[in-house]
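This report refers to the structure that appears directly beneath it.
When a ligand or atom number is given, it counts from 1 through the structure's own listing order. For reference, positions follow the sequence shown, starting with 1. Note that this is a predicted model, so its numbers are computed, not measured.
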Amino acid sequence: MATHRARAEIDLDAVRDNVRTLREYAPRAELMAVVKSDGYGHGAVPCARAARQAGAGWLGTATPEEAFALRAAGDRGRIMSWLWTPGGPWRQAIEQDIDVSASARWALDEIVAAARATGRTARVHLKADTGLGRSGCQPADWPDLVAAARAAEAEGALRVTGVWSHFACADEPGHPSIAAQLDAFGEALDQAGRAGLDPEVRHHANSPATLTLPASHFDLVRTGVAVYGLSPSPDVGTSAGLGLRPAMTLSASLGLVKQVPTGHGVSYGHAYHTAEETTLALVPLGYGDGVPRHASGVGPVLVAGKRRTVAGRVAMDQFVVDLNGDLAAAGDEAVLFGPGDRGEPTAEDWARVTGTIGYEIVTRISGRVPRVYLNE
Ligand SMILES: *Cc1c(COP(=O)(O)O)cnc(C)c1O
């Protein structure tokens, strides 16, 4: 009998295998394992360590605080952090040898000031907006950004280690924006070169582009979701078809199993009623653990050897499944998702029925669920 309420097992061998597989997809590029948002919910530090062991030359984070946490855990390799706001901890990043990103003059100016204050040379990746329309520098402002960066380089305040951008629709292979973004990136690189910049790494590819578009690999690929074994989208393929193995298995111990009569309402709002006399099992996980409330009535769960469906509403801490008369006992395991090889659903199955993406299903699993690491 299981002795935990719930847990998310993270198979670090799967992370290592996925990194090796991704390196085979992009054999001429270096690989950055993106570990933002606590490693997409898997735990940034253990996953970063596993990714390094499998040859990840770079780690990527959104916030600088996420990068500092990796340094505090002892990582000494290249780390890039790209989500900055005015007044951010540039000095700390420079002192900790973290590569930073600038999409605009304000950021470059703050980096130069921080570098002067530390007496060190900042490592900066200039980000072009090649069409995503989110962060990145618009083409009209790019000549000014590269010229200012070149001047700061000449002064010794910084070194432009990267020129980079990010795709909008790489998870829809063949989308016309993909070729347009690559053309715009080529133009941004030419202008940077003409301004005298010679970046160590040019990078544009996320997981879907790494898996489907070799022309986007350049010197470095930034892979996130695929490191954790999830396919970026059904259009890109299934995990298994891509050679990836989902690293997270979310399970819980049944808190109660009981017989109820025909027509019994189940959970808040009585959105479900038993069709006959049956057995209900209580799964002690809810939206407080990151199980989407949108899974009410549709979320798949493996209980007592069969796939079942969430009966009625997902509450903050628990939900119910109807075992349709099958037998189970309190303490038996319920598996919400995993790699799928024991017949359990996958995070991709949960994404489909709740109208989201696998990325969100794993990332939203909250800190209330203990992470248990396998194959450390
Ligand atoms: C999250 C992120 C990635 C990784 O994307 P995946 O689709 O998970 O591989 C790469 N680059 C940037 C800028 C990101 O924000």
Any N or O of V34 closer than 3.5 Å to N or O of ligand 1 = no
Does the pair E30/R23 count as a salt bridge with the N-to-O cut at 4.0 Å?
-> no
Geometric N/O contact Y359 with ligand 1, under 3.5 angstrom = yes
More than 12 heavy atoms of other residues, nucleotides or ligands under 6.0 Å from NE2 of H294: is that the case?
-> no
Take D341 and R245, measure what salt bridge (charged side-chain N to carboxylate O under 4.0 Å, His left out) needs, and give me the verdict at the end.
-> CA-CA 10 Å; D341 41 15; R245 181 171 172 79; 2.9 Å; yes
I would like to know whether T161 and R78 meet side chain to side chain contact (heavy atoms under 4.5 Å, CB included); could you show each step before the answer?
-> CA-CA 11 Å; T161 46; R78 294 295 285 274; 3.8 Å; yes
R91 bridged to E95 by N-O distance under 4.0 Å = yes
At what distance is the nearest protein heavy atom to atom 9 (O) of ligand 1, and which residue and atom is it?
-> S207 OG, 2.5 Å
Quick one: does ligand 1 sit under 4.0 Å from the side chain of R222, the backbone, both or neither, non-hydrogen atoms only?
-> both
Q191/W142 under side chain to side chain contact (heavy atoms under 4.5 Å, CB included): CA gap, chis, key distance, verdict | CA-CA 8 Å; Q191 288 184 12; W142 185 248; 3.2 Å; yes
Among protein heavy atoms, which sits nearest to atom 4 (C) of ligand 1, and what does the distance come to when rounded to 0.1 Å?
-> Y40 OH, 3.4 Å
Please work out whether any backbone atom (N, CA, C, O) or any side-chain heavy atom from C-beta onward of P208 is under 4.0 Å from ligand 1, and answer side chain, backbone, both or neither.
-> side chain
Quick one: do D97 and R120 make a salt bridge, cutoff under 4.0 Å?
-> yes
Contact (N/O only, under 3.5 Å) between T223 and ligand 1 | no
Can you list the atoms of ligand 1 that are under 4.0 Å from a heavy atom of N206?
-> 5 (O), 7 (O), 9 (O)
Numbered atoms and elements of ligand 1 in range of W164, under 4.0 angstrom, heavy atoms = 13 (C)
Give the contacting part of F167 toward ligand 1: side chain, backbone, both or neither, where contact means a heavy-atom distance below 4.0 Å.
-> neither
Around atom 14 (C) of ligand 1, find the nearest protein heavy atom and jot down its residue, atom name and distance.
-> K36 NZ, 3.0 Å
Evaluate side chain to side chain contact (heavy atoms under 4.5 Å, CB included) for L158 paired with L108, printing each intermediate quantity in order.
-> CA-CA 9 Å; L158 59 83; L108 199 70; 3.9 Å; yes
